[in-house]
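What follows is a single structure, written as structure tokens, with notes after it.
Sequence lines set the chain letters: A, B, ... in the order given, protein chains first and strands last, and positions in each chain run from 1.
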Amino acid sequence: MQPDKEGNVTDTPRETRVLDAVVSLVDKLLDDFDVVDLLTELTERCADLLDIAAAGFLLADPLGQLRLLAATSTQTRELELFQLQADEGPCVECYATGHPVSVADLRAATSRWPQFVPAALEGGVASVHAVPMRAAGIVLGSLGLFGSRPGELTESDLLVGQTLAHIACVAILQEHPPTPSTVMPQLRSALTHRIVVEQAKGFLRERFDVSVDEAFSLLRRYARTHGEHLTDVARQLMREPSSRPALLERMTELAHG
Amino acid sequence: MLFGMDAAAISLVFAGAASGTLGSSGAAARVYDDLQFTLGEGPCLDSVASRAPVLVADLANVNDVRWPAYGPAMLDHKIRGIFAIPVVLAGEFVGALDLFRAKPGELHVEHLAGAVVAAELAGMPLLDLMHSDLQAAADDPDSGAWAEFNALSRTEVSQATGMLVAQLGVEPAEALVRLRAHSYATNRSATDVARDILDRRLYLEAD
């Protein structure tokens, strides 16, 4: 059992509280949601689950400048600390490198961030951490975490922070919440992909005289080896008779290789 | 009329070229539909190319310039709203259900759901596409069209379709039609026929 922010001992194990937070947040993503509202809730969940004082999402604008998108606190001093990080601090470093940044004791980091550290210490911050927000191979920004006591983030703390940062990315990129007119075609498209993959399994079963399962594993192996999507390979096989011979030749090599 | 529309038509597209109106609710619908083949642009072509519905609430919207020739031509016919839902056959986007309406406005969510279902059922080979009961079939979970749709959507049927493509050298849509024809002729379910093909107990003959 862990003490919470007020020093009380909570009965619910963290694992349960993390799952509860994830389910509740993903649930919101699947309905009509407001991005700022949702991200603010994410920062609150972060602070609660990681036992820290404040959390904030900083997102890079098109010029690469970090902008505060949402934060736990509405206190001017803490907001300023997040915004100060547009120039220097853990979030900027995390954004620049794409890797988590963790400073267990801020007092030792004065020379690293000469403007940020004194301001943060004065604001009662003792430790700072940042995890990257990523999508499509690029860093979108970072999730900054401020602790009121010195201390490391554990592996599992980092994983929780990273999970919440992922959810934030999905919320931001899913600009428009799903509506019946976007959901139905997507469902249909997903089912269509499956039909084509099943056809490809049957096709390969016949061509290579293997079981359906073996045909599927060949298809997957081919897609992975060539860095292609499974459904794209299946579609090419079933819908483009002209490219079939070359594709089958490469598959034969893979099957015997 | 289907889904509060003034006209409806189903057209097929092959190799990116509109190739014809398959069925229509009447002479006017056929004219609206044929016009896109003449002009080389329109909702059916766009919805097949994007594999997604094309929903135009008001053709008279000056910001909408997607069809420089087809748009004005349809306005001359007093059509303001155009909605196209792709028709999928054996996993292939083969055409679209095109809906035309004189009044501008978004497609109601329930009508969209109905149109998606109708387009789904229209993908059933040999189904009488513009049958007056199409909406009834879409609304009735016990209808034969649904039962058939469910049967042909089964995993085994898709896998057997793929085997037939390899055995007979035909395209998936034709392979599915052959499988379905055999199941009709022998009075067996499509799933049973598919299993026999998969287990190599049954070979359909090439033409």
Distance col, row A:L59:CG vs A:L68:CG, nearest 0.5 angstrom, shows 10.0 Å
What distance do A:L143 atom CG and A:F57 atom CZ have between them, rounded to the nearest 0.5 Å? 4.5 Å
Ranked by heavy-atom pairs below 4.5 Å to chain B, first place among A:R207, A:R194, A:H193, A:K201 goes to A:R194
Looking only at heavy atoms, what is the nearest atom pair of [X] and [Y], with distance?
{"X": "B:P172", "Y": "A:Q199", "value": "CB-OE1, 3.7 Å"}
{"X": "A:A171", "Y": "A:L38", "value": "CB-CD2, 3.4 Å"}
{"X": "A:Q162", "Y": "A:P132", "value": "NE2-O, 2.9 Å"}

Considering only heavy atoms, which portion of B:Q167 lies under 4.5 Å from any heavy atom of chain A: side chain, backbone, both, or neither? both
If you count heavy-atom pairs within less than 4.5 Å of chain A, which of [options] leads?
{"options": "B:I197, B:I85, B:L198", "value": "B:L198"}
{"options": "B:L107, B:L164, B:V116, B:V165", "value": "B:V165"}
{"options": "B:G169, B:A175, B:A160, B:P86", "value": "B:P86"}

